[in-house]
Protein chains: 2
Amino acid sequence: MAEDDRRTIPEATVARLPIYLRTLADLAASDTATISSERLAELAGVNAAKVRKDLSHLGSYGTRGVGYDVEYLVYQMSRELGLTHDWPVVIAGAGNLGQALANYAGFGNRGFPVVAMVDTDRSKVGSRINGVPVRHLDELEDIVAEHGDIIAVLATPAGAAQDVADRMISAGVTSVLNFAPAVLNVPDHVWLRKVDLAVELQILSFYRQRHADATATATASAGNGEPAATGTG
Amino acid sequence: MAEDDRRTIPEATVARLPIYLRTLADLAASDTATISSERLAELAGVNAAKVRKDLSHLGSYGTRGVGYDVEYLVYQMSRELGLTHDWPVVIAGAGNLGQALANYAGFGNRGFPVVAMVDTDRSKVGSRINGVPVRHLDELEDIVAEHGDIIAVLATPAGAAQDVADRMISAGVTSVLNFAPAVLNVPDHVWLRKVDLAVELQILSFYRQRHADATATATASAGNGEPAATGTG
DNA sequence: CCGGGATCGTTCACGTGTTCACAAAGTCGC
DNA sequence: GCGACTTTGTGAACACGTGAACGATCCCGG
Ligand SMILES: NC(=O)c1ccc[n+]([C@@H]2O[C@H](COP(=O)([O-])OP(=O)(O)OC[C@H]3O[C@@H](n4cnc5c(N)ncnc54)[C@H](O)[C@@H]3O)[C@@H](O)[C@H]2O)c1
Ligand SMILES: NC(=O)c1ccc[n+]([C@@H]2O[C@H](COP(=O)([O-])OP(=O)(O)OC[C@H]3O[C@@H](n4cnc5c(N)ncnc54)[C@H](O)[C@@H]3O)[C@@H](O)[C@H]2O)c1
């Protein structure tokens, strides 16, 4: 109810806004004018009460008895997420992953144009990937100067990630998305997010393993021959 | 203290175990025999109390006054995470991202061998990427039969992701890692995790936007001309 | 054998996030 | 215009995760 509540959006809510936004954009494209929290929750894969509470943080944009105006929600949400203008992205590391990211159309399409890649491999510097110039890491300061506030995407080997991050940050970067499997230390004023494939796979492995253990012990007394995946100890 | 506590590991803890494990593996490689929770916390970028609490869920493997035995922790953690044997991975979608993943060495190296890719594009079916055969989606059931319990990695267009997931699941898959920007519905017995690049970027965008707003209003009264990034309303 | 120093394991208080439940507030049919 | 119905917005209870504090336990030197 207080002004404060509408300005301080909980972190968990922020993480869901992009999902809502994508869902709502789809709905808008299919000419849906209004949507209830119930239906939006279903489409976004969350609880309806959560949807209402999340949206309430943006302000009271719903109409009781009707639902939310899709287009208006999209507008407000885009605004809140800072998507009313583009955020230039620089990818560090023009390898396997970096190139895949540069080739990815859904990137620049949605307000995050890749303006440059940086690499230390001189055989790659000077080339272009999907139109994106590969420049030397040493030109980083120039690139930041050219484009202002950029988002840094790290796709270098793990060993180089901290160094590259440090250079990015001292060049003025305050948003970093790290793909390298390394724990990065950044100052308080820098926002860091990470995407770690190995971690995700290991988490899946954990739950699978536990399930296997559970069924193994459960079926052990029953005596059927199911536990096939518990070797190699 | 109870048996129960050692069997039920909190989700938040599970998500951190892979980070600890990676850190510990590095330490083991540099011939470090024991490590304190304080130091491990520093290396893993978390709180020391959290480290101790997390590790206590695995059992009491530390020695007061000394710390934890690195090698033994690595062993117990690998065991808990189910990394004592390989988990075969199948990648759906041999496009940009799928190929990058297949080319990624850090995948098979660490217990997650990519045994096949599946695609519907007949011009891709039959080829090999980094030694990994690209097979048709229709062969999915055969692949699962050949390799047993696999982990499915979805790198198809968003529109196809739910269909492919459904086919994977009905073929017996219980672990899915989704890279497509789509909300997937899966049965309760299936573990689903997602990696969503667009979401990550938009979260970064949010915080950056908010920071820009804050400094803009803060400096507005001071009257300098800094708020350059707030156009396109 | 004992005291000092280090470090773990656990308890406790707190903050954050989730979910239920329901009054408030709107629409729509008649 | 009014009453029935729908759906929001939010208060409150609950679950979960975090971090500080501290007793318990262990090593080590004398
Ligand atoms: N390829 C994948 O599918 C994948 C998946 C998950 C995580 N990752 C991680 O992403 C990172 C990149 O993976 P990759 O497969 O693209 O590796 P890669 O070896 O193909 O590419 C790395 C690139 O970084 C460049 N580089 C090295 N040091 C640099 C520096 N200091 N500054 C700038 N560039 C530098 C190299 O020249 C190379 O072009 C790795 O940390 C990897 O663990 C990759
Ligand atoms: N490329 C990236 O860097 C990147 C980054 C983030 C997210 N993503 C997401 O990952 C997914 C793949 O991206 P991409 O760039 O590799 O796209 P892509 O178009 O290059 O590749 C998609 C592949 O999926 C195949 N495919 C289509 N329908 C299929 C089906 N039903 N079953 C199996 N295969 C099918 C296509 O033949 C194609 O080979 C997309 O959802 C994209 O949004 C990609």
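This is a predicted model, so every value here is computed, not measured. So you know, we letter chains A, B, ... as the sequences are listed, proteins then strands, and number each from 1.
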Could you tell me how far apart [X] ([atom1]) and [N] ([atom2]) are, to the nearest whole angstrom?
| X | N | atom1 | atom2 | result |
| --- | --- | --- | --- | --- |
| A:Glu38 | D:dT6 | CD | C1' | 11 Å |
| B:Ile35 | C:dC8 | CD1 | C1' | 14 Å |
| A:Leu73 | D:dG9 | CG | C1' | 14 Å |
| B:Asp69 | D:dC27 | CG | P | 13 Å |
| B:His57 | C:dT11 | NE2 | P | 11 Å |
| A:Ile9 | C:dG17 | CD1 | C1' | 15 Å |
| A:Leu58 | D:dT8 | CG | P | 14 Å |
| B:Glu11 | D:dC16 | CD | P | 10 Å |

[options]: which one has an atom nearest the side-chain heavy atoms of [X]?
| X | options | result |
| --- | --- | --- |
| B:Lys53 | C:dT11, C:dT19, D:dG17 | C:dT11 |
| A:Ala49 | C:dC8, C:dC20, D:dG9 | C:dC20 |
| B:Asn47 | D:dG19, D:dT8, C:dC8 | D:dG19 |
| B:Arg52 | D:dT10, D:dC27, C:dT10 | C:dT10 |
| B:Arg64 | D:dG19, D:dC26, C:dC20 | D:dC26 |

Any side-chain heavy-atom pair from B:Leu177 and A:Leu197 closer than 4.5 angstrom?
yes
Under 4.0 Å, heavy atoms only, any strand: does A:Arg16 hit a base, just the sugar-phosphate, or nothing?
sugar-phosphate
Can you confirm whether the side chains of B:Ser205 and A:Trp87 place a donor and an acceptor under 3.5 Å from each other?
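Checked: B:Ser205/A:Trp87 side chains pair up, N/O donor to acceptor below 3.5 Å.
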Residues B:Tyr104 and A:Asn96: side-chain donor-acceptor under 3.5 angstrom
no
Considering just the side-chain nitrogens and oxygens of [X], establish if one lies under 4.0 Å of OP1 or OP2 belonging to [N].
| X | N | value |
| --- | --- | --- |
| B:Tyr68 | C:dG9 | yes |
| B:Lys50 | D:dG17 | no |
| A:Thr63 | C:dG26 | no |
| A:Ser36 | D:dT7 | no |

Does a salt bridge link A:Asp196 with B:Arg22, judged by any charged N lying under 4.0 Å from a carboxylate O?
yes
Relative to the 5' end of DNA chain C, which residue comes earlier, A:Ala12 or A:Gly65, by the nucleotide with the nearest heavy atom?
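That would be A:Ala12.
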Tell me whether the rings of B:Tyr207 and A:Trp191 are parallel (<30°), tilted (30 to 60°) or perpendicular (>60°).
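Because their plane-to-plane angle is under 30°, the rings of B:Tyr207 and A:Trp191 count as parallel.
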